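What follows is a short report on a single structure.
What you are looking at is a predicted structure, and each value in this text was computed from that prediction instead of being measured.
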Amino acid sequence: MSSSSSVVYEGWMVRYGRRKIGRSFVHTRYFVLEPRMLSYYKRKPQNRADKVGGKLPIKSLPIDGNCRVEDRGLKMHHGHMLYVLCVYNKREKHNRITMAAFNIQEALIWKEKIEMVIDQQQGATQTDGNRVFSSSQQKANIENGRKSSSSDHESQYSHEEEEEEDDNQRSLLRRTTIGNGPPESLYDWTRENDLGISNQGSPDQVFSRGHWRLVRCQNGLRIFEELQDVDYLARSCSRAMKAVGVVEASCEAIFQLVMSMDTTRFEWDCSFQYGSLVEEVDGHTAILYHRLQLDWFPMFVWPRDLCYVRYWRRNDDGSYVVLFQSREHPNCGPQPGFVRAHIESGGFNISPLKSRNGRIRTQVQHLMQIDLKGWGVGYAPSFQQHCLLHMLNSVAGLREWFSQSDESQVLPRIPVMVNMTPSVPSKKGRKAEENTMQTSLPMDPSRPSTVLEEESDEDDEFLIPECEQESSTHEDAADVKQPALGRDEEGSDQIDLSGFSGNLRRDDRDNSRDCWRISDGNNFRVRSKNFVYDKSKVPAGKPLMELVAVDWFKDTKRMDHVARRKGCAVQVAAEKGLFALAINLQVPGTTNYSMVFYFVTKKLIPNSLLQRFVDGDDEFRNSRFKLIPSVPKGSWIVRQSVGSTPCLLGKAVDITYIRGANYLEIDVDIGSSTVANGVLGLVCGVITTLVVDMAFLVQGNTYEELPERLIGAVRMSHIELSSAIVPVLED
């Protein structure tokens, strides 16, 4: 919250839209909400004058009593989920601002603040045509809107607004959603306590699920079974069962974790193997593909997969409802080697509880009624029960995940499904398949997508109507340009590598020994452009500098400032007019060893992160110099000891920086850390059996410094201690 009294709320949000070709784009923008205006800027205004008249916003929307906040639910962008809000004036619907957040908490805060400003603009009287409404009528209308779910399409309508519209269409109140509510056939089991009757939206359901029996308690959960006759069910279909547990986390945090289908799900859902998005119907409804990990005699029982519709909503009491039901889809046919199971009904009900001892508590209910299919399932009830309990145990996984994790929130991700449509032999079938792919299949994640650059002045021209977003066609990958990886991109001229040499040889062949080679940068994952918002990482790609030589030294004393050695790669680079970076990894012991890596580039880009690192002070360097290790080949204990977690070397060991006229040498004393020394002792004992990858980079912390780029990467293969030489260092 800003200290300025005229600013109601401000902060970084995301601008979301779609190009005319159907591809989505996002911008990071700084939004400012004032009592009568909502505006956003490319950069944060530095003072009040910038907000009022000094720096013009990209766009502004006057806020008055005619404004509406439209909850558009979840939208997908490159596998990330964004929670989208649309603010518009019902009298000027062409003038609107679409804003989004990567976490639902931030979106809800903005929604609440904007609605508060709209309420404040509602005067004691309000003119609608030639009539004047009393404040009591306005208040009644507002309260009607508040009573409805923030995600239900059956919102209350204002009779006065009906008469105002020329097209006789009813206008939504300001708390509305673009979602169409749950599909008609989707049973909403969370409403079973409302008078104990079946869901009115499901005329085919003639039974109530208001009666449950506790069958067991396990893993801190209560497991209930439905008390209904199931004669109408197939033999392979189980009774409905649900698990109820308490998780010490907020409803929003649990909801975001439940909605994700990336690698995070492996940490709490033991029945999850793979999941992807098939089709995004609207902001609250999607078709998903899901493979189950069931460990009941896997050698004899075929694995199961699912294709189902998922609907979610947020109720006004702060609870979240997620509903599942199987659904056929033309782009998600039966898969070879899998039996397609069928979810009769299921989902999560996430409800807030009163805090206890200052701890947030939430009740999580997970219901599942599933037909596992297969010819022998009906004759093996233990298989049904085992698999169902295996799935319901995810509630215990949620509880333990939050109790052992320091992360306050999880930003949900769902990979986009590749084409899984079965092959169609006939020409007519192939043509129909192609048409279906063009209109319904989401973008292939292997294709690069075009995203509007952050510094572009184009902003709102690429929004298209919501109904057209689902039928966007795909362009050939050859026509799409790969987005730039950063401002430090090298020029097209290649560096002359002649004259560079080190005593350790380079060998690019596989299975070679006692040598080095350049490691593929895509083997390492670094912070993406949007890391500050969603903690996402991407393959590193091409490094900023060229690795030209490696030296392997030994001596009775520690070897510092190796760049002064006559004829070394640093001095050769100076003769060629190049800038060099020498990284000297110092290994202590009875015999001291040094592994020196020489990286060169033509010049440092002014004001780039690498240039600021080279010319910065030691405190800045220590806070940014990062190593990403990996052991592709070696014993299990070594791989576990070294790991692959990025490490800020300046915070772990002692580092000496030596800045020369055309170089920077970084001497890393590994022996200064007890932990690193212990790992090093383990590694040195088996170094001849190891293949080690190392990537060096400068850590990016702000949006402007991202995405991260590697300085360079190297692979060391089966290094022999005996191949090290004693260097001749000049004083």
For [X] and [Y], does a side-chain donor sit closer than 3.5 Å to a side-chain acceptor?
{"X": "Gln611", "Y": "Asp615", "value": "yes"}
{"X": "Ser271", "Y": "Asp269", "value": "yes"}
{"X": "Tyr274", "Y": "Asp305", "value": "no"}
{"X": "Ser536", "Y": "Ser528", "value": "yes"}

Can you find a heavy atom in the side chain of [X] that is under 4.5 Å from one in the side chain of [Y]?
{"X": "Gln586", "Y": "Asp560", "answer": "yes"}
{"X": "Val14", "Y": "Arg29", "answer": "no"}
{"X": "Tyr598", "Y": "Val550", "answer": "no"}
{"X": "Ile719", "Y": "Leu504", "answer": "yes"}
{"X": "Lys537", "Y": "Val526", "answer": "no"}
{"X": "Arg527", "Y": "Asn701", "answer": "yes"}
{"X": "Cys270", "Y": "His390", "answer": "yes"}
{"X": "Ile605", "Y": "Leu610", "answer": "no"}

| note | Contacts of Arg505 meeting side chain to side chain donor-acceptor pair (under 3.5 Å) (sequence neighbours excluded), chain-then-number -> Asp507
| query | Looking at residues at least two apart in the chain, or sitting in another chain, which of them share a side chain to side chain donor-acceptor pair (under 3.5 Å) with Asn662? | reply | none
| Verdict with reasoning, Val653 to Val668, per side chain to side chain contact (heavy atoms under 4.5 Å, CB included) | CA-CA 7 Å; Val653 296; Val668 183; 3.6 Å; yes
| remark: Here the pair of heavy atoms bringing Trp12 nearest to Arg43 is CH2-CA, 4.0 Å
| field | Minimum-distance pair of heavy atoms, taken over all atoms of Trp401 and Thr264 | value | CZ2-CG2, 4.2 Å
| request: Take the angle between the ring planes of Phe613 and Phe625 and call it parallel below 30°, perpendicular above 60°, tilted in between. | output: parallel
Residues which pass ring-ring contact (aromatic ring centres under 6.0 Å, His included) with [X], listed by chain and number, not counting sequence neighbours:
{"X": "Tyr657", "result": "none"}
{"X": "Phe500", "result": "none"}
{"X": "Phe272", "result": "Phe266, His290"}

| query | side chain to side chain contact (heavy atoms under 4.5 Å, CB included) between Val726 and Lys554: does it pass, once the steps are laid out? | reply | CA-CA 5 Å; Val726 179; Lys554 65 179 179 181; 4.2 Å; yes
| In terms of heavy-atom contacts, does NZ of Lys633 have more than 12 from other residues, nucleotides or ligands at under 6.0 Å? | no
| task | Step through the shown structure and confirm whether more than 12 heavy atoms of other residues, nucleotides or ligands are within 6.0 Å of CG on Asn511. | result | no
Say whether, by atom type as modelled, one donor and one acceptor occur between the side chain of [X] and the main chain of [Y] under 3.5 angstrom.
{"X": "Glu665", "Y": "Val562", "result": "yes"}
{"X": "Asp617", "Y": "Phe620", "result": "yes"}
{"X": "Lys602", "Y": "Phe579", "result": "no"}
{"X": "Arg15", "Y": "His27", "result": "no"}
{"X": "Asn503", "Y": "Trp552", "result": "yes"}
{"X": "His718", "Y": "Thr688", "result": "yes"}
{"X": "Asn622", "Y": "Lys651", "result": "no"}
{"X": "Asp551", "Y": "Val596", "result": "no"}
{"X": "Arg564", "Y": "His561", "result": "yes"}
{"X": "Asp520", "Y": "Asn523", "result": "no"}

| Distance under 6.0 Å and angle within 45° of ring axis: Lys529 vs Tyr703 | yes
| Between Tyr41 and Lys44, is there a cation-pi geometry (under 6.0 Å to ring centre, at most 45° from the normal)? | no
Hey, could you give me the [atom1]/[atom2] distance between [X] and [Y], rounded to the nearest 0.5 Å?
{"X": "Asn584", "Y": "Arg558", "atom1": "CG", "atom2": "CZ", "result": "9.5 Å"}
{"X": "Gln571", "Y": "Lys576", "atom1": "CD", "atom2": "NZ", "result": "14.0 Å"}
{"X": "Lys542", "Y": "Asn522", "atom1": "NZ", "atom2": "CG", "result": "12.5 Å"}
{"X": "Thr601", "Y": "Ile711", "atom1": "OG1", "atom2": "CD1", "result": "11.0 Å"}
{"X": "Ile518", "Y": "Asp508", "atom1": "CD1", "atom2": "CG", "result": "7.0 Å"}
{"X": "Met259", "Y": "Leu288", "atom1": "CE", "atom2": "CG", "result": "8.0 Å"}

| request: Apply side chain to side chain contact (heavy atoms under 4.5 Å, CB included) to the pair Ile655 and Asp667, showing each step before the final yes or no. | output: CA-CA 6 Å; Ile655 298 181; Asp667 293 343; over 6 Å; no
| field | Residue list, side-chain contact (heavy atoms from CB on, under 4.5 Å) with Gln273, at least two apart or on another chain | value | Arg291, Gln293, Phe338
| query | side chain to side chain contact (heavy atoms under 4.5 Å, CB included) between Val26 and Leu82: does it pass, once the steps are laid out? | reply | CA-CA 10 Å; Val26 296; Leu82 293 94; 3.9 Å; yes
| request: Give a yes or no on whether the ring-centroid distance for Phe597 and Trp516 is below 6.0 angstrom. | output: no
